Amino acid sequence: RIRRDGVATFEDVHRRKDGTVFPVEADIHIFELQGQKVGLSFVRDTTERKRAEDSLRESEEKYRSTLDALPDAVSVVNRDFRVTLANIELLSWLRSLGFSDAIIGKPLLDAFPFLSRGVLDEYREVFSTGMTMVTEETSEIGSRKIRTETRKIPLREQGEVVAVVAIIRNVTGSEKK
């Protein structure tokens with residue numbers, strides 16, 4: 001690639017004088033200077049970046065395993081009303097109802113075609129007020145009526161609501177106490 005494009009970026013490890021190794025990212029550029037081919041490389045120590053990536057990956061794995069252990073269905077919807085995350089329980093529930101579980105990235109009403117358009121207004125309200133909303137819905141799916149209680153919880157970054165976490169509990173057949 002460097003011969004074809006004159007540039008390459010790759011990751012490697014280097015060795016310190018004390019013998020310890022550390023990760024690096026190298027950028028190599030080949031160009032002509034006064035009629036001669038010259039190579040110039042920049043090498044960056046990526047130890048801190050790798051540590052941060054590992055820490056983030058571990059954190060994501062913890063949260064993912066926690067979400068997947070919950071008995072309720074959970075989804076996250078961004079400001080564009082697209083599903084960005086779904087736990088195993090939600091995906092399993094969708095399959096059991098005869099729907100596709102390929103919902104990540106889809107608009108909310110495409111992912112959950114049985115929901116009424118009014119649900120979008122509920123999400124809009126959570127985005128605008130930053131307040132948790134608890135609702136009950138009854139959806140008709142084929143010949144079945146399914147009643148759910150949904151908690152729509154604002155997810156904030158730097159004080160701004162960037163997504164809504166929906167925790168959906170199937171309460172079909174449950175009596176209010």
Side-chain angles (χ1 to χ4, degrees), residues 1-95 99-113 115 119-120 123-130 132 151-168:
R1 181 174 161 225
I2 195 163
R3 287 187 180 147
R4 184 187 71 225
D5 300 336
V7 63
T9 301
F10 61 93
E11 292 185 357
D12 201 2
V13 291
H14 280 195
R15 188 174 306 277
R16 294 185 180 93
K17 287 182 183 178
D18 67 4
T20 60
V21 294
F22 62 99
V24 297
E25 180 180 79
D27 289 318
I28 299 175
H29 302 269
I30 305 293
F31 57 94
E32 274 197 32
L33 180 66
Q34 298 176 348
Q36 299 264 335
K37 282 203 173 205
V38 178
L40 176 64
S41 63
F42 299 94
V43 179
R44 287 179 289 286
D45 181 341
T46 58
T47 302
E48 289 305 314
R49 185 182 82 201
K50 292 287 185 187
R51 280 187 193 139
E53 288 171 353
D54 289 346
S55 178
L56 179 61
R57 190 173 15 268
E58 287 173 15
S59 177
E60 287 175 346
E61 287 171 6
K62 280 185 211 173
Y63 288 114
R64 166 54 71 184
S65 64
T66 300
L67 280 178
D68 284 342
L70 294 174
D72 294 324
V74 179
S75 67
V76 177
V77 175
N78 67 14
R79 290 190 80 79
D80 296 327
F81 304 108
R82 291 188 177 273
V83 179
T84 60
L85 185 143
N87 73 344
I88 288 174
E89 182 63 24
L90 177 60
L91 300 178
S92 174
W93 189 46
L94 286 171
R95 285 191 301 270
F99 293 101
S100 169
D101 64 0
I103 62 172
I104 304 302
K106 286 192 173 181
L108 184 65
L109 296 179
D110 289 351
F112 309 109
L115 293 178
V119 170
L120 289 177
Y123 277 85
R124 282 186 191 98
E125 186 174 334
V126 175
F127 277 113
S128 68
T129 66
T132 296
R151 294 182 182 278
K152 297 173 187 79
I153 305 164
L155 184 63
R156 291 180 174 79
E157 285 181 11
Q158 299 175 341
E160 180 185 348
V161 178
V162 295
V164 173
V165 177
I167 301 174
I168 307 132

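Just so you know, these numbers come straight off a predicted model, no measurement behind them. Residue numbers count from 1 along this sequence.
- Under the salt bridge (charged side-chain N to carboxylate O under 4.0 Å, His left out) criterion, Asp80 pairs with no residue at all, not counting sequence neighbours.
- In terms of modelled atom types and a separation under 3.5 Å, the side chain of Thr66 and the main chain of Lys62 share a donor-acceptor contact.
- Note that CD of Glu160 is 11.0 Å distant from CG of Leu155, once rounded to the nearest 0.5 Å.
- Between Tyr123 atom OH and Asn78 atom CG the span is 11.0 Å, to the nearest 0.5 Å.
- A distance of 15.0 Å separates CG of Asp68 from OH of Tyr63, quoted to the nearest 0.5 Å.
- Counting only residues at least two apart or on different chains, no side-chain hydrogen bond (donor to acceptor under 3.5 Å, both in side chains) pair has a member in residues 34-43.
- Arg82 and Gly105 make their closest contact through NH1-O, 2.7 Å (heavy atoms, listed as atom of the first residue, atom of the second, distance).
- Every residue meeting the salt bridge (charged side-chain N to carboxylate O under 4.0 Å, His left out) condition with Glu11, not counting sequence neighbours, appears here in chain and number order: Arg49, Lys50.
- Residues His14 and Asp45 form no side-chain contact, since every pair of their non-hydrogen atoms from C-beta on lies 4.5 Å or further apart.
- Note on Glu61 versus Arg64: no salt bridge recorded, every NZ/NE/NH1/NH2 to OD/OE distance being 4.0 Å or above.
- A search for salt bridge (charged side-chain N to carboxylate O under 4.0 Å, His left out) contacts involving Arg57 returns Asp54, not counting sequence neighbours.
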Give the table of side-chain donor-acceptor pairs shorter than 3.5 Å for residues 83-95, with sequence neighbours excluded, one pair per line with atom names and distance.
unit_1: Thr84; atom_1: OG1; unit_2: Val76; atom_2: O; d: 3.3
unit_1: Asn87; atom_1: OD1; unit_2: Val74; atom_2: N; d: 2.9
unit_1: Asn87; atom_1: OD1; unit_2: Leu90; atom_2: N; d: 3.0
unit_1: Asn87; atom_1: ND2; unit_2: Leu67; atom_2: O; d: 3.0
unit_1: Asn87; atom_1: ND2; unit_2: Asp72; atom_2: O; d: 2.9
unit_1: Arg95; atom_1: NH1; unit_2: Asp101; atom_2: OD2; d: 2.4

Name each donor-acceptor pair under 3.5 Å that joins a side chain in residues 19-32 to protein atoms two or more places apart or in another chain, with its distance.
unit_1: Thr20; atom_1: OG1; unit_2: Arg16; atom_2: NH1; d: 3.3
unit_1: Thr20; atom_1: OG1; unit_2: Asp18; atom_2: OD1; d: 2.7
unit_1: Glu25; atom_1: OE1; unit_2: Arg44; atom_2: NE; d: 3.4
unit_1: Glu25; atom_1: OE1; unit_2: Arg44; atom_2: NH2; d: 2.5
unit_1: Asp27; atom_1: OD1; unit_2: Thr9; atom_2: OG1; d: 2.5
unit_1: Asp27; atom_1: OD2; unit_2: Arg44; atom_2: NH1; d: 3.1
unit_1: Asp27; atom_1: OD2; unit_2: Arg44; atom_2: NH2; d: 2.6

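- Of all the heavy atoms in Leu109 and Leu120, the pair that sits closest is CD1-CD1, 3.6 Å.
- The two atoms that bring Pro154 and Thr132 nearest to each other are CD-OG1, 3.5 Å, heavy atoms only.
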